[in-house]
Novice: 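I have a structure here, written as structure tokens, and I will follow up with some questions on it.
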Number of protein chains: 2
Amino acid sequence: MRDVAARAGVSLKTVSRAVNGEPNVSAAVQARVAAAVAELGFERNDLARSLRHGRSSATLGLLIEDVTNPFYAAIAHEIEQVAAEKGYLLITSSSQQQEERERELVAALTRRRVDGLLLVLGGGDHGFVAEAARTTPTVFLDRPPVGIAADAVLLDNRGGMHQAIEHLLEQGHRRIAFVSDPGELFTAAERLRGYREALTAAGLEIDDALVRLGRHDLGEAERIVEALLALPAGERPTAIVTGNNRHSVAAARALARVPNPVALVGFDDIELAELLARPLTVVAYDAGALGRHGAELIFSRLGATPAEQPPPREIVVPTRLIARGSGELGPSS
Amino acid sequence: MRDVAARAGVSLKTVSRAVNGEPNVSAAVQARVAAAVAELGFERNDLARSLRHGRSSATLGLLIEDVTNPFYAAIAHEIEQVAAEKGYLLITSSSQQQEERERELVAALTRRRVDGLLLVLGGGDHGFVAEAARTTPTVFLDRPPVGIAADAVLLDNRGGMHQAIEHLLEQGHRRIAFVSDPGELFTAAERLRGYREALTAAGLEIDDALVRLGRHDLGEAERIVEALLALPAGERPTAIVTGNNRHSVAAARALARVPNPVALVGFDDIELAELLARPLTVVAYDAGALGRHGAELIFSRLGATPAEQPPPREIVVPTRLIARGSGELGPSS
DNA sequence: GTGAAAGCGCTAACAG
DNA sequence: CTGTTAGCGCTTTCAC
């Protein structure tokens, strides 16, 4: 920038004004600066800018488990879209479900002075985010904050699971298995609660042998479903509900290998679900909405003065059941 | 940091040393600084650090079309993994296939002084990247640079298409359609070239009516395939090869709606392809490898002195055919 | 309309 | 081992 000033024969500050489109720069000077900028290939250093400017690195930070899961990709994409409209960029980082990585990455994002933090965190206490959340607008996505207060955008986990169970009950199922993540995970716990509530409301006993919670590693999940399917006649479930798209994929694979499949309803939609040999019935929702609302919550805080900051808010994204076939198999088919 | 220094009763520089784990800090002082840091909830400002430090914002910039496409998600994920090992974060931005966005985003990333640029750009001249590439290690992914020299990681597009066509020829197909992106796109052009080469090598004429290039908008792509399937008997293709995963999804959907389907081979693998009603035969490859190699190329330049910089390099990722059923349909089935 | 001085938070290069 | 000085590239403040 100093070089540009020298080249254009003006002061540093004038270049700054010209480059940033501030008022009080004559057309002639504006043009001279523009020419110098072009000749020197100058690009404003936004790091230095935000340092002095005090605020705004014009960057948001997102922490998810893994972008290759379409659920997270949808979230990341929507955040990025909202951010782009405001001239913000997005740093996306993956925890790989490791709490240590979560800590490291929140710290790394904070050190870079992101203007907002969007977090999908695992179980356990989230106290390590408290400090960052004090100075940076922070939104929890998919899972609520634990141990601290902050905005959150969640799914209607229980409601969605009610839809799934009620749908299967209508088909005559009475032995419905639930395959999902470990119960430490908020979403798994809530969906399990929905599962229990719906069964209990129908006057059925909960058979804990049909509740299988394990990491959403595809291989392990497949083995869990295989074990369920290998149960003797009376104990075998006639339907399975999965707790997320990874488990749905695993269950679909395991089911494809047995001669006498059972009904399946997945939580979260899957591309091409309708073209599967056994079209997948799912509890669907707008995953991107988690990101979109989250980004909007961030920007609403960014646009408000400290005095105007509202108390923590919670947004719940609705679910809906899409029947495609796999969930319409009867108990004896 | 100044507050920490005051609190610990040491100089600014000593805090800097302690915080960064530099040598020449006594254990006692180290402890006192650590205590002050904890009490004040201090987090080093990496923006200021990299400003002074001159180099390294410890951030890489990635420009893709859209993270919700699993192809790009795989790339982003691998880059992030490699970056994480070195303590780097990744800014992921989506062009949505708009050249104007590409320009804006490359500029935005450059202004933030990312240490490396990984770009998936559309057709047209890439001159607008030249200035950035001069000062920042830049790698082109999936599509080579046009008009400038830079590292690139590409797929074996022609080879992959040869595999697809040869496979279909072996099944007896002679009328094979090609459905892909517009020819301005390097990958589409190369795959089309592979298609032509393989057919010509087999002594067949190219029927341009069977070559349909259009944006990979799912709806439009479906209509293109429908049109092909609606051709009269003699003109109708007996097999279709798609140019990318979006077109494969579109083709699978369109094919599922007709009573007399044709063979289908997709370029790029799809999750659950084996569980589709008509299991999808594909030309598969390691999409993540594009990202992994790209990130490694960046870091190799980052670790080299200006004098050591090698000339632009090109890495080609191999493809392989996976037969699952849709590509093994005969011409008269 | 334009410029000079000061400083954002940190670290390189020296001193001590 | 620790502190001082200067300055990264930019913007704020205030003067002209």
Side-chain angles (χ1 to χ4, degrees), chain A residues 1-34 36-37 40-59 87 107-115 131-132 135-136, chain B residues 1-34 36-37 40-59 87 107-115 131-132 135-136:
Chain A
M1 191 150 177
R2 194 164 47 186
D3 299 337
V4 174
R7 193 99 155 95
V10 294
S11 81
L12 245 178
K13 177 61 208 176
T14 300
V15 175
S16 171
R17 276 194 265 258
V19 167
N20 294 304
E22 290 172 27
N24 296 334
V25 180
S26 70
V29 170
Q30 178 68 263
R32 250 186 314 141
V33 171
V37 164
L40 270 49
F42 169 80
E43 286 269 22
R44 182 182 67 198
N45 184 332
D46 274 359
L47 262 40
R49 179 188 163 83
S50 69
L51 178 59
R52 176 66 243 221
H53 205 211
R55 59 178 184 278
S56 192
S57 55
T59 307
L109 292 168
T110 307
R111 283 199 302 267
R112 278 175 182 73
R113 298 296 188 267
V114 293
D115 299 309
E131 191 61 35
T135 55
T136 310
Chain B
M1 189 152 175
R2 194 165 44 191
D3 300 335
V4 175
R7 194 99 154 93
V10 295
S11 82
L12 246 178
K13 178 63 205 176
T14 301
V15 176
S16 172
R17 275 194 266 260
V19 166
N20 293 303
E22 288 174 28
N24 297 333
V25 180
S26 71
V29 170
Q30 178 68 264
R32 244 179 326 134
V33 171
V37 164
L40 271 48
F42 169 80
E43 285 268 23
R44 182 183 68 199
N45 184 332
D46 274 0
L47 262 39
R49 176 177 221 253
S50 69
L51 179 60
R52 174 68 247 217
H53 207 209
R55 57 177 185 277
S56 192
S57 55
T59 307
L109 292 168
T110 307
R111 283 199 301 267
R112 279 172 182 74
R113 298 296 187 265
V114 294
D115 299 310
E131 190 62 34
T135 55
T136 311

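Here is how names work: the chains are called A, B, and so on, in the same order as the sequence lines, proteins then strands, and each is numbered from 1.
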Novice: Would you say Arg52(B) reaches dG7(D)'s phosphate, i.e. side-chain N/O to OP1/OP2 under 4.0 Å?
Specialist: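 For dG7(D), OP1/OP2 do not have a side-chain N/O of Arg52(B) under 4.0 Å.
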Novice: Could you verify whether a donor N or O on one side chain and an acceptor N or O on the other, from Thr59(B) and Arg112(A), lie under 3.5 Å apart?
Specialist: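 A donor-acceptor contact under 3.5 Å links the two side chains.
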Novice: Does a side-chain heavy-atom distance below 4.5 Å link Asn20(B) with Arg44(B)?
Specialist: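 Heavy-atom side-chain distance check passes, below 4.5 Å.
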Novice: What is the distance, rounded to the nearest whole Å, between atom CZ of Arg113(B) and atom P of dC10(C)?
Specialist: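 Rounding to the nearest Å, CZ of Arg113(B) and P of dC10(C) are 20 Å apart.
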Novice: If you compare all heavy atoms of Ala18(A) against all heavy atoms of Val33(A), which two are closest, and at what distance to 0.1 Å?
Specialist: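 In this case the closest contact between Ala18(A) and Val33(A) is CB-CG1, 3.7 Å.
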Novice: Measure from CZ on Arg2(B) to P on dT11(C) and round the result to the nearest Å.
Specialist: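 Value for this atom pair: 15 Å.
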Novice: For the CG atom of Asn45(A) and the OG1 atom of Thr110(B), what is their distance to the nearest 0.5 Å?
Specialist: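 Atom-to-atom, Asn45(A):CG and Thr110(B):OG1 are 11.0 Å apart.
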Novice: Let's see if you get this right: which residues in residues 9-31 of chain B place a heavy atom under 4.0 Å from DNA chain C?
Specialist: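 By residue number: Lys13(B), Ser16(B), Asn20(B).
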Novice: Working to the nearest 0.5 angstrom, can you tell me the gap between Asp46(A) CG and Leu109(B) CG?
Specialist: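 Going from CG on Asp46(A) over to CG on Leu109(B), the span is 10.5 Å.
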Novice: Figure out the CG/P separation between Asp46(A) and dC8(D), and round it to whole Å.
Specialist: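 For the pair Asp46(A) CG and dC8(D) P, the rounded distance is 18 Å.
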Novice: What is the separation between atom CG on Asn45(A) and atom C1' on dG9(C), rounded to the nearest whole Å?
Specialist: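 From Asn45(A) CG to dG9(C) C1': 14 Å.
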Novice: Which whole-number value in Å describes the distance from Glu43(A) CD to dC10(D) P?
Specialist: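 My rounded result for the distance is 11 Å.
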Novice: Once rounded to the nearest 0.5 Å, what's the spacing between atom CZ of Arg111(B) and atom OG of Ser50(A)?
Specialist: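 Answer rounded to 0.5 Å: 12.0 Å.
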Novice: Starting at CZ of Arg112(B) and ending at C1' of dG9(D), how long is that distance when rounded to a whole Å?
Specialist: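 Those two atoms, CZ and C1', are 16 Å apart.
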Novice: Between C1' on dC8(D) and CG on Leu47(A), what's the gap in Å once rounded to a whole number?
Specialist: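 Atom-to-atom, Leu47(A) to dC8(D), this comes out as 11 Å.
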Novice: List the atom pairs, donor and acceptor, that lie under 3.5 Å between side-chain atoms in residues 3-12 of chain A and the rest of the protein, sequence neighbours left out.
Specialist:
from, atom 1, to, atom 2, distance (Å)
Arg7(A), NE, Glu39(A), OE1, 3.1
Arg7(A), NH1, Glu39(A), OE1, 3.4
Arg7(A), NH2, Glu39(A), OE1, 2.3
Ser11(A), OG, Lys13(A), N, 3.4
Ser11(A), OG, Thr14(A), N, 3.3
Ser11(A), OG, Thr14(A), OG1, 3.1

Novice: Closest to the Met1(A) side chain: dC8(D), dT11(C), dC10(D)?
Specialist: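 Selected nucleotide (nearest to the side chain): dC10(D).
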Novice: Has the side chain of Ser57(B) got a donor or acceptor atom that lies under 3.5 Å from a matching backbone atom of Arg113(B)?
Specialist: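 Confirmed, Ser57(B) side chain pairs with Arg113(B) backbone.
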Novice: Distance check needed: dT12(D) C1' versus Arg49(A) CZ, whole Å only.
Specialist: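 My rounded result for the distance is 13 Å.
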Novice: Have a look at the helix from dG1(C)-dC16(D) to dG16(C)-dC1(D) and give the angle its two end axes make, five pairs each, rounded to 10 degrees.
Specialist: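 About 30°, once rounded to a multiple of 10°.
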Novice: Once you round to the nearest 0.5 Å, how far does CD of Glu43(A) lie from CD of Glu131(B)?
Specialist: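 Reported value, rounded in 0.5 Å steps: 7.5 Å.
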